[in-house]
Amino acid sequence: MIRVLVADDHAAIRAGMRLMLEQADDIEVVGEAADGAVAIRQTRALQPDVVLMDVRMPGTDGIQATREITAAGLADVLILTTFDLDDYLFGALRAGAAGFLLKSVEPAALVEAVRRVAAGDGFLAPEVTRRLLTAFVTAVPPARAAPSSLNDLTSRERDVLAGLGRGLSNADLAADLSITEATAKTHVSRVLAKLGCTSRVQAAIIAREAGLA
């Protein structure tokens, strides 16, 4: 049996996930948690194989809980969230999550994802796979690119990079830095060139790795 812990701050969603999962003969929901801190404690106590983890929860959020659970080797974590956002996707995967699903997932796909994660595989929602490949397969490895190339940036360019790390558009950067949109676009181009990036996503990854965002 695959032992699963469901962590979500909405009781109705936890009940729905339990209902879908327990339709499978090889899955048992051994517990529930309404926030990340409880999820960590329950994972230690119940020793599930997979934790089905929401991202946005009060107190300790799902990403921090994932980081602690995976760092301690307590269980594999499968993120299940309503929000298809880069910050959640990248944050969850960097925290050690083995998979990422949206709550619109069909029951059969949810069961399959749990089985695959329990078997040691990863699982990504089709909606985010292409974006993830673009970001990580073609990204300049931050560990090699960030330390030296960041020193080449001016103070204003570092501000722009920080904004990219937060997912700001050129218009948002312009408003945030009190410059024109054309100037923001120029700064972005220079930042990408200096960092050796071919996309804003790659620069955003470097910003996050460097702690700028």
Side-chain angles (χ1 to χ4, degrees), residues 1-43 46-71 73-137 139 167 201 204-205 208:
M1 293 292 288
I2 301 171
R3 295 165 57 82
V4 177
L5 174 73
V6 178
D8 194 289
D9 60 333
H10 292 94
I13 292 177
R14 295 197 305 272
M17 294 299 107
R18 176 185 286 271
L19 181 62
M20 285 193 286
L21 291 171
E22 292 189 336
Q23 297 300 309
D25 294 337
D26 58 343
I27 296 177
E28 176 188 9
V29 177
V30 297
E32 299 180 10
D35 61 60
V38 173
I40 296 167
R41 293 199 299 270
Q42 289 284 66
T43 301
L46 300 174
Q47 299 183 331
D49 301 301
V50 177
V51 178
L52 194 59
M53 183 82 73
D54 188 19
V55 172
R56 294 181 62 174
M57 293 185 289
T60 302
D61 65 20
I63 292 177
Q64 179 59 34
T66 296
R67 184 175 296 110
E68 295 192 30
I69 288 169
T70 58
L74 300 177
D76 289 316
V77 176
L78 177 58
I79 296 291
L80 186 66
T81 180
T82 304
F83 304 95
D84 176 17
L85 301 177
D86 283 354
D87 281 348
Y88 294 155
L89 172 61
F90 299 154
L93 296 180
R94 291 196 185 283
F100 189 98
L101 287 174
L102 302 181
K103 288 181 180 177
S104 56
V105 64
E106 294 294 326
L110 175 62
V111 169
E112 177 63 16
V114 168
R115 287 173 175 159
R116 287 176 57 176
V117 168
D121 296 329
F123 191 94
L124 290 174
E127 298 92 335
V128 304
T129 301
R130 182 180 295 275
R131 191 164 72 249
L132 184 69
L133 289 173
T134 299
F136 284 91
V137 174
V201 172
I205 293 170
R208 291 168 184 152

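Residues: numbered from 1 along the sequence shown. This is a predicted model, so every value here is computed, not measured.
Note that the CD atom of Glu28 and the CZ atom of Arg18 stand 9.0 Å from one another [nearest 0.5 Å]. The structure places OG1 of Thr60 at 11.0 Å from CZ of Arg67, a figure rounded to the nearest 0.5 Å. Here the CD1 atom belonging to Ile13 is positioned 6.5 Å from the CG atom belonging to Asp54, to the nearest 0.5 angstrom. Here OG1 of Thr66 is found 3.5 Å from CD1 of Ile79. Values are rounded to the nearest 0.5 Å. Note that CD of Gln42 is 9.5 Å distant from CD of Glu32, once rounded to the nearest 0.5 Å.
Considering all non-hydrogen atoms of both residues, Ala98 and Val117 come closest at CB-CG1, 3.9 Å. In terms of heavy-atom proximity, Ile63 sits nearest to Ala95 at O-CB, 3.6 Å. Summarising the geometry of Pro48 relative to Thr43, their closest heavy-atom pair is CD-O, 3.5 Å, with the distance given to 0.1 Å. Residue Thr70 comes nearest to Ala75 through the heavy atom pair CG2-O, 4.2 Å, listed as atom of the first residue, atom of the second, then distance. A pairwise comparison of heavy atoms in Asp35 and Met57 identifies CA-SD, 3.8 Å as the closest pair. The minimum heavy-atom distance linking Ala24 with Val111 is given by the pair CB-CG1, 3.9 Å.
Considering Val6, Asp8, Ile69 in turn, Ile69 is the only one that fulfils the side-chain contact (heavy atoms from CB on, under 4.5 Å) rule with Met53. Partner Arg3 forms a side-chain contact (heavy atoms from CB on, under 4.5 Å) with one of Asp49, Val50, Val29, Ile27 and no other, that one being Asp49.
Applying the side-chain hydrogen bond (donor to acceptor under 3.5 Å, both in side chains) test to Asp26 and every residue at least two apart in sequence or in another chain returns Arg115. Listed by chain and number, the residues in a side-chain contact (heavy atoms from CB on, under 4.5 Å) with Ala34 are Arg14 (sequence neighbours excluded).
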Intermediate values then yes/no, side-chain contact (heavy atoms from CB on, under 4.5 Å), Gln64 and Ile40
CA-CA 10 Å; Gln64 179 59 34; Ile40 296 167; 5.9 Å; no
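Counting only distance, with no hydrogens or angles, the side chain of Thr81 and the backbone of Arg56 share no donor-acceptor pair below 3.5 Å.
Taking the side chain as every heavy atom from C-beta outward, Leu110 and Leu52 approach each other to under 4.5 Å.
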